[in-house]
Amino acid sequence: MRVLIATDGSDPANTAMRAAVRILNPEDRHFDLLCVVPAWNAKDETARRKRYEERICRETANILERAKAAIAADAVDVRRKSDTGSPAAVIASKTGDFDLTVIGALGTGSRSEADR
């Protein structure tokens, strides 16, 4: 079974990832970890954009490495993937290639604890 796990490194994303590992049979634990990076939305091509892209690349690599380390012992295989764009659109476009999609990330537009 191929499982797509979207992560942003947040506690809710980590909780969803750990739940998927616990629920699935050991032979079904083929995971693709996906971290989606927002695209640079400014029109300029300055050094600021280059710094943003370098920083976001490092952060994405760290998020994926930590997530992989957290589940590697309980997985058949773990692949790391990153993409750029709208997280919802990117994740939705990839779900057809997987048997299960796990999403626990809240994103920046989430409701506060007081709203729940």
Side-chain angles (χ1 to χ4, degrees):
M1 174 182 282
R2 297 292 327 160
V3 180
L4 176 65
I5 301 176
T7 185
D8 60 1
S10 67
D11 288 339
N14 292 333
T15 299
M17 180 177 61
R18 286 190 305 274
V21 170
R22 282 193 317 270
I23 292 168
L24 294 170
N25 291 326
E27 63 272 6
D28 290 337
R29 297 176 182 164
H30 300 272
F31 301 120
D32 283 40
L33 299 171
L34 173 65
C35 186
V36 182
V37 178
W40 176 260
N41 58 6
K43 298 201 186 273
D44 63 3
E45 297 289 328
T46 63
R48 268 185 44 216
R49 178 180 182 162
K50 183 174 168 65
R51 285 192 308 272
Y52 167 80
E53 289 173 345
E54 289 170 351
R55 179 181 55 84
I56 207 75
C57 184
R58 283 191 309 273
E59 288 177 14
T60 300
N62 287 336
I63 288 168
L64 291 171
E65 248 336 285
R66 285 192 309 271
K68 181 179 180 180
I71 63 172
D74 297 314
V76 174
D77 67 298
V78 181
R79 295 187 295 181
R80 294 164 295 168
K81 299 176 177 227
S82 63
D83 208 335
T84 303
S86 161
V90 170
I91 294 166
S93 73
K94 294 185 181 300
T95 59
D97 298 332
F98 295 89
D99 300 304
L100 176 67
T101 301
V102 177
I103 303 172
L106 292 176
T108 58
S110 66
R111 296 181 299 164
S112 70
E113 289 293 325
D115 294 338
R116 294 188 187 151

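Keep in mind the model is a prediction, meaning the values are calculated, not measured. Just so you know, these numbers use all the heavy atoms, side chains as well, and skip hydrogens, waters and symmetry mates.
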Q: Indicate yes or no: does Asp74 engage Arg18 in a salt bridge with an N to O separation below 4.0 Å.
A: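 The answer is no: the pair does not qualify as a salt bridge.
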
Q) Would Asp32 and Arg79 pass as an ion pair if we require N to O under 4.0 Å? A)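 Between Arg79 and Asp32 there is a salt bridge, with a charged N closer than 4.0 Å to a carboxylate O.
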
Would you compute the distance between atom [atom1] of [X] and atom [atom2] of [Y] and round it to the nearest 0.5 angstrom?
X	Y	atom1	atom2	value
Ile5	Leu100	CD1	CG	8.0 Å
Lys68	Leu64	NZ	CG	10.0 Å
Thr60	Asp8	OG1	CG	10.5 Å
Ile103	Ile91	CD1	CD1	4.5 Å

(Q) Please list all pairs meeting side-chain hydrogen bond (donor to acceptor under 3.5 Å, both in side chains) that have one or both residues in residues 85-96, counting only residues at least two apart or in different chains. (A)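 side-chain hydrogen bond (donor to acceptor under 3.5 Å, both in side chains) check on residues 85-96 returns Asp83-Lys94.
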
Shortest non-hydrogen contact from [X] to [Y]?
X	Y	result
Val78	Ala72	CG2-CA, 4.4 Å
His30	Val76	CE1-CG1, 3.1 Å
Ala6	Ala13	O-CB, 4.4 Å
Val36	Pro87	CG1-CA, 3.6 Å
Val102	Ala16	CG1-O, 3.6 Å

Q: Examine distances only and state if a side-chain atom of Asn25 and a backbone atom of Glu27 form a donor-acceptor pair shorter than 3.5 Å.
A: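 Checked: no pair found.
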
**Q.** Donor-acceptor contact present, side-chain Arg29 to main-chain Leu24, <3.5 Å
**A.**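 Such a contact is found between Arg29 side chain and Leu24 backbone.
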
**Q.** Non-hydrogen side-chain atoms of Asn14 and Thr7 separated by less than 4.5 Å
**A.**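 Side chain of Asn14 against side chain of Thr7, heavy atoms only: contact under 4.5 Å found.
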
Q | pair Ile71-Leu33: side-chain heavy atoms closer than 4.5 Å | A |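 Sidechains of Leu33 and Ile71: in contact.
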
Q: Would you indicate whether Asp77, at its atom CG, is surrounded by more than 12 heavy atoms from other residues, nucleotides or ligands within a distance under 6.0 Å?
A: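 Yes, the 6.0 Å shell around CG holds more than 12 heavy atoms from other groups.
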
Q.
Let me check something: do Met17 and Val3 share a hydrophobic cluster, defined by ILVMFWY side-chain heavy atoms less than 4.5 Å apart, either directly or through other members?
A.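 Yes; tracing contacts between hydrophobic side chains, which count when under 4.5 Å, links both residues.
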
